[in-house]
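Encoded as structure tokens, the structure appears first; notes follow it.
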Amino acid sequence: VPAAERRARTARWLARLGLASLAGRPARVLSAGEAQRVALARALVLEPEVLLLDEPFASVDEPSREALLPDLAAVVRTERIATVLVTHDRGEARALADRVAVLLAGRLEQVGEAGTVFQAPASEAVARFVGVETVVMGSVIEVDGDVSLVDVAGRRLEVAVAARPGQRVRICIRPEDVTLLDGTRGAGLSSARNRLPGRVVRIAPAAGRMRVVVDVGFPLVATVTPRSLDELHLAEGVPVVAAFNATAPHLILAGTA
């Protein structure tokens, strides 16, 4: 590559990744986040046809990672660079991937559009790997059009998926799809088709939010903000109503009863 083009390419990618002001700085004084941006610039300046990223954010702190993710997503999509990302982090996969392949114990368990894999996992193992925390067995009681009524531990759930009466199914519910309401005020204001009274059994921090396990006849996991935790006065033993739409659960067929 001619020297003039080298300089132009270098300047372009330093600027693109927010590094222009650091061009003259010795590499040894860069922060972990800055060093990772430089590593990306070194790869991208070569104008690759395929970019392989192997756990690219493993060594950077959370603030640097949160800043890098959208920048990298914008670069690979704008430049139309075919990119293969290897990661154990679901957030990275959701932020960057158009298609996802789930590899478990050396086997490809599911490959498809990112939205499909995360919202409609093909098996319980895939569901848990992509962040579904509530997976419970149930039986389809009746079907009305595209809505199935499913019995789970004595609770009847409406699920916007057509099934057959008598089918055994696994119901998968993502924690972010569950809303918690004040249990001392009945069902509260919610348009959700499923509203289950229960009690909080466990609370733990989880990636900037709070993970709340509610006993509604079966363990149901929800995530809430720290502010919601305080506003609802949530603590172990506190009554709550767990609400979710009929479109939230995903069904995995488990045979016929």
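Computed from a predicted structure; not experimentally measured.
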- Message: Would Leu96 and Leu69 count as a side chain to side chain contact (heavy atoms under 4.5 Å, CB included) here? Give the steps.
- Response: CA-CA 8 Å; Leu96 292 170; Leu69 268 173; 3.7 Å; yes
- Task: Under the side chain to side chain contact (heavy atoms under 4.5 Å, CB included) rule, what do Val140 and Leu149 come out as? Steps first, then yes or no, please.
- Result: CA-CA 6 Å; Val140 178; Leu149 188 64; over 6 Å; no
- Task: Take Leu196 and Val241 through the side chain to side chain contact (heavy atoms under 4.5 Å, CB included) test and state the conclusion after the steps.
- Result: CA-CA 5 Å; Leu196 307 176; Val241 172; 6.0 Å; no
- Query: What's the verdict on side chain to side chain contact (heavy atoms under 4.5 Å, CB included) for Val76 and Leu72, showing C-alpha distance, side-chain angles and the deciding distance?
  - Reply: CA-CA 6 Å; Val76 297; Leu72 179 58; 3.9 Å; yes
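Ala95 and Ala73 get closest at one heavy-atom pair: O-CB, 4.1 Å. What you find for Gln119 and Arg94 is that their closest heavy atoms are NE2-NH2, 3.2 Å. The shortest heavy-atom contact between Val130 and Val117 is CG2-O, 3.9 Å. Between Val161 and Pro249 the shortest heavy-atom distance is CG2-O, 4.5 Å. Nearest heavy-atom pair, Gly131 versus Pro175, reported as atom, atom and distance to 0.1 Å: O-CD, 3.5 Å. When all heavy atoms of Ala74 and Thr78 are compared, the pair lying nearest together is O-OG1, 2.7 Å.
Remark: Arg209 pairs with Thr223, Thr225 by the side chain to side chain contact (heavy atoms under 4.5 Å, CB included) rule, at least two apart or across chains. Here Ala204 pairs with nothing under the side chain to side chain contact (heavy atoms under 4.5 Å, CB included) rule; sequence neighbours left out. Take Arg199 and apply the side chain to side chain contact (heavy atoms under 4.5 Å, CB included) test, not counting sequence neighbours, and it matches Pro239. Under the salt bridge (charged side-chain N to carboxylate O under 4.0 Å, His left out) criterion, Asp98 pairs with Arg77, not counting sequence neighbours. A search for side chain to side chain contact (heavy atoms under 4.5 Å, CB included) contacts involving Glu34 returns Leu22, Arg25, Leu30, Ser31, not counting sequence neighbours. In this structure Thr87 satisfies the side chain to side chain donor-acceptor pair (under 3.5 Å) test together with Glu92, sequence neighbours excluded. Not counting sequence neighbours, the partners of Glu62 by the salt bridge (charged side-chain N to carboxylate O under 4.0 Å, His left out) test are Arg65.
Other residues sharing a hydrophobic cluster with Met137 under the 4.5 Å side-chain heavy-atom criterion for ILVMFWY residues do not exist; the residue is a singleton.
If you chain together hydrophobic residues whose side chains sit under 4.5 Å apart, Phe129 and Val86 never meet in one group. Leu253 and Val152 end up in the same hydrophobic cluster when Ile, Leu, Val, Met, Phe, Trp and Tyr side chains are linked at under 4.5 Å.
Residue pairs meeting the side chain to side chain donor-acceptor pair (under 3.5 Å) criterion with at least one member in residues 149-158, sequence neighbours excluded: Glu158-Arg193.
Of the inter-residue distances, the one linking Asn194 atom CG with Phe244 atom CZ reads 4.0 Å to the nearest 0.5 angstrom. If you take NE2 on His250 and OG1 on Thr116, they are separated by 10.0 Å, rounding to the nearest 0.5 Å. For the atom pair CG of Asp182 and CG of Leu234, the computed distance is 8.5 Å after rounding to the nearest 0.5 Å.
Val240 has its side chain out of reach of Leu181: every pair of non-hydrogen atoms, C-beta onward, lies at least 4.5 Å apart. Considering only heavy atoms from C-beta on, Val221 stays 4.5 Å or farther from Val178 through its side chain. Contact annotation: the side chain of Val143 approaches that of Pro165 to within less than 4.5 Å [non-hydrogen atoms, C-beta and beyond]. With a 4.5 Å cut-off on side-chain heavy atoms, Ile252 and Cys172 count as touching. Side-chain contact between Val159 and Ile171: present, with at least one pair of heavy atoms (C-beta onward) separated by less than 4.5 Å. Proximity of Val100 to Phe118: side-chain heavy atoms (C-beta onward) are separated by under 4.5 Å at one or more points. At least one side-chain heavy atom of Leu40 sits less than 4.5 Å from a side-chain heavy atom of Leu17. When side chains are defined from C-beta on, Val135 counts as touching Val132, because their heavy atoms get closer than 4.5 Å.
Side-chain N or O atoms of Asp144 include none that pairs as donor or acceptor with a backbone N or O of Val147 at under 3.5 Å. Between the Asn245 side chain and the Thr247 main chain, no donor and acceptor come within less than 3.5 Å of each other. Not a single donor-acceptor pair under 3.5 Å links the side chain of Ser228 to the backbone N or O of Val224.
With respect to Arg12 and Glu5, no salt bridge is recorded, no charged nitrogen being found less than 4.0 Å from a carboxylate O.
Counting non-hydrogen atoms of neighbouring residues, nucleotides and ligands closer than 6.0 angstrom, the CZ atom of Arg42 reaches no more than 12 such neighbours.
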Without placing hydrogens or testing angles, list every side-chain donor-acceptor pair under 3.5 Å for residues 44-60, not counting sequence neighbours.
residue, atom, partner, partner atom, Å
Glu55, OE2, His88, N, 3.3
Glu55, OE2, His88, ND1, 2.5

For residues 210-219, please give each side-chain donor-acceptor pair under 3.5 Å, one per line with the distance, not counting sequence neighbours.
residue, atom, partner, partner atom, Å
Arg211, NE, Glu133, OE1, 2.5
Arg211, NH2, Glu133, OE1, 2.8
Asp215, OD1, Gly217, N, 2.9

Counting only pairs under 3.5 Å, give me each side-chain donor-acceptor contact of residues 107-115, with atom names and distances, residues two or more places apart or in other chains.
residue, atom, partner, partner atom, Å
Gln110, OE1, Ala122, N, 2.7
Gln110, NE2, Ala120, O, 3.3

